[in-house]
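Below, all heavy atoms of this structure are taken into account, side chains as well, without hydrogens, waters or symmetry copies. Lettering of chains follows the sequences in order, A, B, ..., and the numbering in each one begins at 1.
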Amino acid sequence: MDLDDIERKWQREWADNNVFEPEPDQRQSYLVSSAFPYTNGPPHMGHVRTYGTADVLARYKRMRGFNVLFPMGYHVTGTPVLAQSKRIKNKDQLLINDLKRFRISDEDIEKMEDPLYLASYFIEVFRKAFHDLGLSIDWRRQLVSIDPKFSKFIEWQFSILNANGLLIKGKHPVGWCPNENNAVGMHDTKGDTEPEIEEMLGIKFQAENRDYKIVCATYRPETLHGVTNIFVKYGAQYVICEVNGERLCLSSSAADKLAYQAGVKVISEIDSADLLNGRYINPKTGASIPALPGFFVDEAFGTGIVMSVPAHAPFDYTALLELGKKGSEAAANINPIKVIELEGPAKGKDIPSVAYIDVETATGNPNVDAIEEATKKQYKEELRSGVMLVGDYKGLKVKDARDRMWKDLIASKDAFAVYVIANNATCRCSFSVVVKIVDDQWFLNYGDEKWKVKAREALKNTRILPEKLRPTFEGALEWINLRAVARAQGLGTKFPLDNTKIIEPLSDSTIYISLYTIWHIISDVDSEKLTHEFFDYVYLGKGDAEAVSKATGIPYETVKRSKESFDYWYAFTSRHSGAELIFNHLTMYIFNHAIVFGSKYWPKQIAINGTVLSEGEKMSKSLGNTVDVKEAVSRHGADVTRFMVVCSADLFGDSEYNNDAANGIKERLEYIDSIAGNISLYEPSELKHIDYWLYSKLNGKVIAVTDAMEKLELRAASTSVLYDSVIELKRYFLRGGNNQVVIAEYISTLALLLGPLVPHFSEELWHKMKNETFVAKEKWPAANESMLSSKIETEEELVDRMIDDSKHVLELVRKKGKQPQEIKYIVASEYKYILNNELAKDKNAKRVIDMIKSGELENTYSLKFDIQKCIEFASSMAKHVNIVRTIETNPADQYDVINDAKGYIEKETGCRISTELEDVSKSSKASSSTPLKPGIEAI
RNA sequence: GCAGGGGUGGCAGAGUUUGGCCAAAUGCGACGGGCUUAGGACCCGUUUCCUUUGUGGAUGCGAGAGUUCAAAUCUCUCCCCCUGCACCA
């Protein structure tokens with residue numbers, strides 16, 4: 001079986017027969033789409049996961065009789081493509097080596113200095129990969145997000161957003177490079193780290209007898225009552241500067257950074273020694289406190305000045321101990337002020353921070369890591385369990401007190417917000433990222449209540465797969481507020497209200513899916529003709545086709561067909577992506593649909609898939625365990641790769657890419673294929689027990705797989721359809737199954753069930769079974785419920801259990817030196833079955849024993865019972881009454897089943913076997929027989 | 001911190017909605033055996049402990065407590081892990 005040949009063959013057949021190029025018809029439409037990929041590099045396994053999942057659904061729904069459209073587009077707007085080209089231009093060796101690893105020629109790499117070339121190069125790589133994976137895409141509708149027609153559409157969308165008053169202007173903190181003077185996102189930093197912006201509070205302390213205030217940056221204003229002193233960095237440069245008409249003191253480097261957040265004018269320099277000589281007034285308590293040198297103070301972080309709360313901050317306490325040891329009288333005189341009572345080890349302690357640090361070793365040569373650890377622990381516990389002991393918010397929880405204090409201090413102008421980069425993000429140009437307040441930023445106002453109401457409504461009517469993610473969606477919907485929508489740089493559509501800006505690239509891709517419905521229809525239309533009137537008509541039904549045609553110059557037929565196509569395809573959509581898009585794209589997808597379209601065209605279904613691991617590890621460049629899609633397909637084939645990545649985990653679970661898994665899949669496909677190839681070795685014959693068993697299994701499988709596919713529980717589906725099938729087929733043959741009709745039906749049905757999962761293989765298998773249609777267009781199999789039999793399946797389990805038990809018995813007998821040649825099975829008497837089923841009814845042994853004694857049992861079943869034996873048996877079963885279940889079979893059937901499986905049992909045990917009924921047996925094991933567990937005597 | 005999702009055997013991962021064939025599917029791994037010149041593949045067995053002419057017992061599903069005849073499954077408390085927290089695609 002050459003998987004490569006098979007795959008190429010069927011891809012050709014599908015294309016030649018336009019199998020995946022649907023047009024509106026009488027059937028129910030079903031539009032499956034995945035968030036289009038960002039093409040600044042080649043595809044990876046995560047792409048296979050998302051697009052493969054969408055393809056499985058598309059193929060399944062097609063077989064269920066829906067008219068399915070699966071389109072594809074590419075996203076290239078924004079800065080990543082530009083950043084990538086720039087890095088190539090700068091001969092960034094790291095990136096160039098990466099590209100070379102993908103066998104991209106030097107010539108092409110050089111051409112990639114042009115961002116458009118880079119984008120189109122990878123678009124082609126993606127297209128080829130998706131084709132080779134056999135995705136059932138309608139390639140006529142392929143679109144790119146920088147197409148002029150795409151831009152016309154986005155302009156139209158923004159005109160609607162603007163008309164609804166959702167575009168507003170305001171201030172906003174962003175990561176900023178002071179060297180390059182532009183906003184810095186993740187792909188602009190070394191190591192691709194997202195600059196983490198945190199808000200601190202800068203609290204002003206008036207310097208006694210001076211004309212300035214010092215500014216302490218803190219995360220914990222609620223501890224202000226516990227401040228005992230100020231810490232500055234000894235030897236660092238400080239400055240006095242004018243900020244909003246006020247003279248403030250902070251470190252020189254902090255002043256540089258703050259200049260990006262407020263007007264800062266440096267007046268004079270001041271030495272740290274000067275600061276240490278002063279005293280300062282706590283704005284809340286009015287206390288006069290000294291300044292001391294703190295070993296841990298970083299003059300470049302925050303304001304370079306720290307307020308000291310030794311009772312609640314391990315660093316502060318350690319620093320005081322340290323100074324005291326060195327003979328600082330001022331430090332030795334300071335008494336920590338406890339302002340919070342908390343649970344945990346510090347409960348009841350006068351100085352809570354002592355509970356978190358090792359006082360003996362903390363001083364001398366302070367272990368910064370250990371203090372860091374202690375700080376985290378104490379902060380956490382105080383936040384969780386702390387209660388304020390003093391101040392305005394006495395009795396309040398720390399969290400609430402903090403929030404209020406924060407607001408109070410800002411309101412009374414005793415403090416202001418200081419933004420810091422918490423994770424030391426560094427621009428690729430090697431300058432540290434700072435926080436800049438942009439004050440003419442355009443936002444899309446997702447906080448608008450009217451809009452949120454619509455979005456909630458839309459979400460409520462959307463099916464989320466898996467359903468357990470709904471709370472996450474609900475959270476995201478409430479949380480999303482202002483979103484900066486225009487950027488200074490990047491590819492994309494110009495922002496209509498400010499032509500110097502570009503629409504931010506997540507905002508230009510929220511409702512573009514609707515474009516797929518008309519893209520091939522408007523392919524010849526000049527983008528300039530795509531006016532608001534056109535989109536108003538096609539998407540909103542405003543006006544009429546004739547007028548629109550006249551106004552725009554677009555042919556009447558094109559206008560009309562566009563509208564019909566949209567109406568048809570957009571009535572049902574299923575959207576697919578990874579979980580990382582829930583908080584941005586998918587939420588915006590819901591919001592934008594809710595405001596732009598009528599509710600008929602709102603989202604219907606959103607499916608979220610998990611990620612792909614390699615040997616249990618996340619795939620990442622730094623680990624060097626990423627897998628190139630092209631390479632995976634050439635090594636394992638498209639079907640195996642898809643199956644492994646898409647179907648070996650449930651929708652939201654992580655799937656695993658590795659060679660063992662691939663081989664396991666391939667072997668099973670080959671096994672199924674070999675059965676199909678040998679079908680002529682079998683002949684039709686009368687149906688036997690094992691034939692009925694296989695039918696029962698097959699029909700049960702159809703039900704189970706259908707159920708799983710409806711919920712996109714692909715692991716469950718694939719386990720049943722591939723792994724279990726192989727086990728069932730092997731058992732069937734082992735048990736002497738050889739009926740050509742049964743085998744053929746089983747394999748043919750399997751071919752159909754495998755259609756969505758391993759499409760190429762299933763076509764091949766289907767045709768091997770003498771079918772001439774495409775599985776891709778075939779009808780999904782329906783279960784024949786009359787062929788389901790739990791009785792027959794139970795009986796087969798019985799046979800296996802008998803064999804297991806027999807082997808065990810044989811082993812024990814052989815240990816005793818005997819060499820048994822024969823096994824005698826004794827089928828339990830009918831009264832045991834009856835008692836079992838009586839007990840199964842209500843698990844009440846007493847009732848059953850009463851029935852026996854009273855004779856009610858005999859009456860009910862019109863049988864003569866041996867009362868003594870019945871009571872014995874019922875009592876023995878009473879011990880396990882909780883696991884007793886109803887048995888559908890009876891002694892006569894069991895007798896037949898054992899005889900039917902005679903050859904199989906003899907082969908497995910290596911012994912001759914015989915069967916007799918307990919009632920006539922003289923065997924010593926006769927009485928130990930129970931229903932489903934015949935007595936076994938090895939002779 | 002806030003929000004969401006989780007913690008099951010050597011590993012991965014079912015089972016939890018609807019408590020009871022659950023010592024717990026399935027796959028992988030490991031060990032022993034068969035087959036083979038050998039390896040691979042394949043087949044059989046073992047893989048918590050004890051017991052044994054079998055179908056028995058103990059312990060057990062993050063920790064602890066509770067409800068119940070019966071708990072991986074229900075309730076409460078705690079611990080731990082993962083993801084997101086924004087202008088970045």
Side-chain angles (χ1 to χ4, degrees), chain A residues 35 37-38 40 75 77-81 172-175 183-189 192 194-197 219 379-380 383-384 398-399 402 438 441 443-444 446 466 468-476 478-487 490 504-507 509 579-585 613 616 648-650 652-654 656 658 660-661 663-664 667 715-716 719-720 723-724 727 730 734 794 797 801-802 804-816 818 820 840 843-844 879-887 908 924-925 928-930 932-938:
Chain A
Y38 201 91
N40 64 336
H75 199 198
T77 44
T79 49
V81 165
H172 192 66
V174 296
V184 176
M186 189 165 73
H187 43 260
D188 304 312
T189 60
D192 283 342
E194 181 73 41
E196 214 173 283
I197 297 172
Y219 291 105
Y379 281 18
K380 190 176 165 185
L383 189 66
R384 189 169 62 82
V398 164
K399 182 188 179 325
R402 178 179 305 169
V438 179
Q441 177 66 55
F443 294 97
L444 201 38
Y446 287 103
K468 72 174 175 190
L469 286 180
R470 180 173 292 279
T472 307
F473 273 88
E474 287 167 346
E478 297 306 329
W479 157 90
I480 193 168
N481 189 13
L482 294 179
R483 182 171 183 99
V485 72
R487 297 204 58 179
E504 174 276 324
L506 274 175
S507 301
S509 51
E580 68 277 9
L581 295 189
I582 295 177
F583 275 82
N584 43 61
H585 167 71
L613 306 176
S648 63
D650 264 328
F652 190 55
D654 291 334
E656 168 79 16
N658 67 51
D660 282 347
N663 290 335
E667 278 157 20
R715 183 190 168 89
T719 301
S720 175
Y723 295 87
D724 292 351
I727 292 171
K730 285 187 177 175
L734 220 50
T794 307
E797 280 168 35
R801 218 170 318 157
M802 276 171 52
D804 280 351
D805 289 343
S806 302
K807 283 181 179 169
H808 199 166
V809 171
L810 286 171
E811 192 189 327
L812 292 167
V813 173
R814 286 190 185 119
K815 261 190 205 159
K816 300 212 159 174
K818 294 184 206 161
K843 321 248 179 215
N844 184 343
K879 266 195 288 181
H880 318 291
V881 73
N882 55 330
I883 58 162
V884 173
R885 61 179 171 137
T886 306
I887 293 167
E908 289 293 312
S924 60
K925 294 287 155 192
S928 65
S929 63
T930 67
L932 301 184
K933 289 268 184 188
I936 299 168
E937 185 180 12

Between [atom2] of [N] and [atom1] of [X], the distance in whole Å:
X	N	atom1	atom2	result
A/Glu580	B/rC82	CD	P	18 Å
A/Glu478	B/rA86	CD	P	18 Å
A/Asn584	B/rU83	CG	P	17 Å
A/Asp805	B/rG54	CG	P	10 Å
A/Ile480	B/rA86	CD1	P	12 Å
A/Glu474	B/rG84	CD	C1'	16 Å
A/His585	B/rA89	NE2	P	14 Å
A/Met802	B/rG54	CE	P	17 Å

- prompt: Has the side chain of A/Asp650 got a donor or acceptor atom that lies under 3.5 Å from a matching backbone atom of A/Arg715?
  reply: yes
- prompt: Does A/Gln441 reach the main-chain N or O of A/Ala486 with its side chain, forming a donor-acceptor pair under 3.5 Å?
  reply: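 The answer is yes, because a donor-acceptor pair under 3.5 Å joins these two groups.
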[atom1]-based separation of [M] from [N] [nearest Å]:
N	M	atom1	result
B/rC76	B/rA24	P	30 Å
B/rC88	B/rU75	C1'	43 Å
B/rA23	B/rU46	C1'	15 Å
B/rC61	B/rU73	P	9 Å
B/rA30	B/rA41	P	10 Å
B/rG10	B/rG5	C1'	26 Å
B/rG64	B/rC28	P	34 Å
B/rG1	B/rC78	P	12 Å

- request: Please list, chain by chain and in numerical order, all residues satisfying salt bridge (Lys or Arg N to Asp or Glu O under 4.0 Å) with A/Arg483, sequence neighbours excluded.
  value: A/Glu504
field: salt bridge (Lys or Arg N to Asp or Glu O under 4.0 Å) partners for A/Asp724, two or more places apart
entry: none
Mind checking who [N] pairs with, Watson-Crick or G-U wobble, both distances under 3.5 Å?
N	result
B/rA41	none
B/rG9	none
B/rC74	B/rG66
B/rC85	B/rG1
B/rA30	B/rU46
B/rU59	none

task: Check every strand shown and say whether A/Gly935 touches a base, only sugar-phosphate, or nothing at a heavy-atom separation below 4.0 Å.
output: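 A/Gly935: base contact, heavy atoms under 4.0 Å.
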- prompt: Contact class for A/Pro934 (heavy atom, under 4.0 Å): base, sugar-phosphate, or nothing?
  reply: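 Base contact.
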statement: Regarding the side chain of A/Asp650, the nearest nucleotide among B/rA89, B/rG54, B/rA14 is B/rA14
message: So if I take every side-chain heavy atom of A/Ile197 and compare against B/rC88, B/rC87, B/rA86, which nucleotide ends up nearest?
response: B/rC87
message: If you assign A/Val809 and A/Val174 each to the RNA chain B nucleotide with the nearest heavy atom, which residue ends up on the more 5' nucleotide?
response: A/Val809
- request: Could you pick out which residue, A/Leu581 or A/Trp479, lies toward the 5' side of RNA chain B when each is mapped onto its nearest nucleotide?
  value: A/Trp479
Do you know the tightest heavy-atom contact between [X] and [Y]?
X	Y	value
A/Ala649	A/Asp654	CB-O, 3.4 Å
A/Thr79	A/Gly490	CG2-CA, 4.0 Å
A/Pro505	A/Gly78	CG-CA, 3.5 Å

Tell me, please, which residues at least two apart from [X] pass side chain to side chain contact (heavy atoms under 4.5 Å, CB included).
X	result
A/Arg402	A/Arg220, A/Pro221, A/Glu222, A/Leu383, A/Val398, A/Trp406
A/Asn40	A/Tyr38, A/Pro80, A/Val81, A/Gln84, A/Leu118
A/Glu478	A/Lys452, A/Arg456
A/Leu482	A/Ile168, A/Phe443, A/Asn445

statement: Letter by letter from the 5' end, nucleotides 24-30 of chain B scores (B base, S sugar-phosphate only, - none; protein heavy atoms under 4.0 Å) --BSS--
Close N or O pairs between protein and nucleotides 2-10 of chain B (under 3.5 Å):
unit_1, atom_1, unit_2, atom_2, d
B/rG4, O2', A/Thr472, OG1, 2.5

Short side-chain N/O contact to [N] OP1/OP2 from [X], under 4.0 Å:
X	N	result
A/Lys730	B/rC43	yes
A/Thr79	B/rC88	no
A/Arg487	B/rA89	yes

query: Who passes ring-ring contact (aromatic ring centres under 6.0 Å, His included) against A/Phe583, sequence neighbours left out?
result: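 Only A/Trp479 meet the ring-ring contact (aromatic ring centres under 6.0 Å, His included) criterion with A/Phe583.
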